[in-house]
Amino acid sequence: CIAPGFRRDGSNYLAVLACALKLAQSQSMKGFLLCSSTGVYPSDTGHFTEQSDLHDLTLNQQRLLEAEQMVLNTGFGKVVRLAGLMGPKRHPGQFVAGKQLSSSANECVNMVHQRDASNAIVHILEHWSDADAIYNVVLPEHSNKADFYQQACRQLGTLAPTFGSEQQIKRIIDGSALEKLGFSYQFRNLSDALTHC
């Protein structure tokens, strides 16, 4: 779980990851699980799975993908792509309260509760030999940002954000592949997840 820190000048994410992989190899570790991000997927409308073609990526997305490839190329690594995290001390309403967001009010939300994220990681580790190389970890429900953030801010008693556009953007990150490995999401909808933040 290395924070990429791409917004900071001089991010050394890839160098730190390379050192971690080298250490893992020197210690003959059985596996290496990289916590990546669903931010690697294009921001266009689309239904994205672990097998989706990744194209027209931003520089930050390219770096995320490069990091994932570094891990997968070792032959003993796997990747978990986490959606936006919510949970204790990470209430979505606190980050957007009263802000003007550049995104669309009608853009789909791709979130996951911290509890499901940590349980998913443990599940993959426990089923390592049967697990695929990459998994998305995302709540099954994808409401639009306006509805989600209004509900989140109402829960906190804060001012809801405004949005830069009303454009319909149905960018759905599919997290169902992990369920084929026997994983069950504790929170299947955004409302339940919000009540446990």
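Quick note: residue numbers are just sequence positions, from 1.
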Test side chain to side chain contact (heavy atoms under 4.5 Å, CB included) applied to Thr162 and Leu101, step by step: CA-CA 6 Å; Thr162 55; Leu101 304 179; over 6 Å; no

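- Judged by distance alone, the side chain of His123 and the main-chain N or O of Asn119 form no donor-acceptor pair under 3.5 Å.
- Between the Asn144 side chain and the Ala146 main chain, a donor and an acceptor come within less than 3.5 Å of each other.
- Residue Phe148 is not grouped with residue Leu85 when hydrophobic side chains (ILVMFWY) are merged at heavy-atom distances under 4.5 angstrom, including chains of intermediate members.
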Pair Leu82-Cys35, side chain to side chain contact (heavy atoms under 4.5 Å, CB included): steps then yes or no: CA-CA 7 Å; Leu82 300 171; Cys35 290; 4.2 Å; yes

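- Note that CZ of Phe183 is 11.5 Å distant from OH of Tyr135, once rounded to the nearest 0.5 Å.
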side-chain hydrogen bond (donor to acceptor under 3.5 Å, both in side chains) between Ser184 and Glu179, worked out: CA-CA 6 Å; Ser184 295; Glu179 294 177 297; over 6 Å; no

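- Val137 and Leu125 fall within the same hydrophobic cluster, defined by Ile, Leu, Val, Met, Phe, Trp and Tyr side-chain heavy atoms under 4.5 Å apart, directly or through other members.
- Put simply, CG on Leu65 and CG on Leu72 are 9.0 Å apart, with the number rounded to the nearest 0.5 Å.
- A donor-acceptor contact shorter than 3.5 Å links the side chain of Tyr41 to the backbone of Thr49.
- Across Cys197 and Gly87, no two heavy atoms sit closer than the pair SG-N, 3.5 Å.
- Distance alone, capped at 3.5 Å, is enough to place a donor-acceptor pair between the Asn110 side chain and the Arg171 backbone.
- Listed for the Asp174 side chain is no donor-acceptor partner under 3.5 Å among the backbone atoms of Phe48.
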Stepwise side chain to side chain contact (heavy atoms under 4.5 Å, CB included) test for Phe32 and Leu21: CA-CA 8 Å; Phe32 190 103; Leu21 288 169; 3.7 Å; yes

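- For the pair Leu14 and Met70, the tightest heavy-atom approach, listed with the atom from each and the gap, is O-CE, 3.7 Å.
- In terms of heavy-atom proximity, Gly93 sits nearest to Ala152 at N-CB, 3.7 Å.
- A heavy-atom distance below 4.5 Å is not found between the side chains of Asp147 and Val109.
- Put simply, the side chain of Val80 does not reach to within 4.5 Å of the side chain of Leu34, judged on heavy atoms.
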Derivation of the side-chain hydrogen bond (donor to acceptor under 3.5 Å, both in side chains) call for Asp192 and Asn189: CA-CA 6 Å; Asp192 286 348; Asn189 64 62; 3.3 Å; yes

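- The closest donor-acceptor contact from the side chain of Lys99 to the backbone of Phe95 lies under 3.5 Å.
- Remark: Glu166 does not engage Lys145 in a salt bridge, criterion side-chain N to carboxylate O under 4.0 Å.
- Residues His55 and Pro42 come closest through the heavy atom pair O-CG, 3.8 Å.
- Side-chain contact check for Cys153 versus Leu159: every heavy-atom pair is 4.5 Å or farther apart.
- Taken to the nearest 0.5 Å, the OG atom of Ser36 stands 15.5 Å off from the NZ atom of Lys78.
- In summary, the side chains of Gln155 and His91 do present a donor paired with an acceptor at a separation below 3.5 Å, with no hydrogens or angles considered.
- No chain of hydrophobic side-chain contacts below 4.5 Å, direct or via other Ile, Leu, Val, Met, Phe, Trp or Tyr residues, connects Leu54 to Ile172.
- His113 places a side-chain N or O within donor-acceptor distance of the main-chain N or O of His196, the cut-off being under 3.5 Å.
- In this structure Glu68 satisfies the salt bridge (charged side-chain N to carboxylate O under 4.0 Å, His left out) test together with Arg81, sequence neighbours excluded.
- No side-chain heavy atom of Leu139 sits less than 4.5 Å from a side-chain heavy atom of Arg188.
- Looking at residues two or more places apart in sequence or on another chain, you find no salt bridge (charged side-chain N to carboxylate O under 4.0 Å, His left out) involving Glu50.
- Atom CG of Asp44 is separated from atom CG of Asp56 by 7.0 Å, given to the nearest 0.5 angstrom.
- Clustering ILVMFWY residues whenever any of their side-chain heavy atoms sit less than 4.5 angstrom apart, transitively, puts Leu23 in a cluster other than the one holding Val16.
- At distances below 3.5 Å, at least one donor-acceptor pair connects side-chain atoms of Gln61 with backbone N or O atoms of Thr58.
- Counting heavy atoms from C-beta outward, Leu33 and Trp128 have side chains that approach closer than 4.5 Å.
- Heavy atoms only, all atoms of each residue included: Leu57 and Val40 are closest at CD2-O, 3.5 Å.
- Using modelled atom types, no side-chain atom of Asp116 and backbone atom of Val112 make a donor-acceptor pair closer than 3.5 Å.
- Checked by atom type, the side-chain pair Asn106/Ser104 shows no donor-acceptor distance below 3.5 Å.
- The backbone N or O of Leu190 lies less than 3.5 Å from a partner atom in the side chain of Glu141, making a donor-acceptor pair.
- Residues Tyr13 and Ala67 approach most closely at CE2-CB, 3.6 Å, considering heavy atoms.
- Using a 4.5 Å cut-off on side-chain heavy atoms (C-beta onward), Arg90 and Gln114 make contact.
- Atom OG of Ser52 sits about 7.5 Å away from atom NE2 of His47, to the nearest 0.5 Å.
- For Tyr185 and Phe187, the ring centers are positioned 6.0 Å apart or more.
- No path of Ile, Leu, Val, Met, Phe, Trp and Tyr side chains, each step under 4.5 Å between heavy atoms, connects Phe163 with Ile169, placing them in separate hydrophobic clusters.
- Note that CD1 of Ile173 and CE of Met111 are 13.0 Å apart. Values are rounded to the nearest 0.5 Å.
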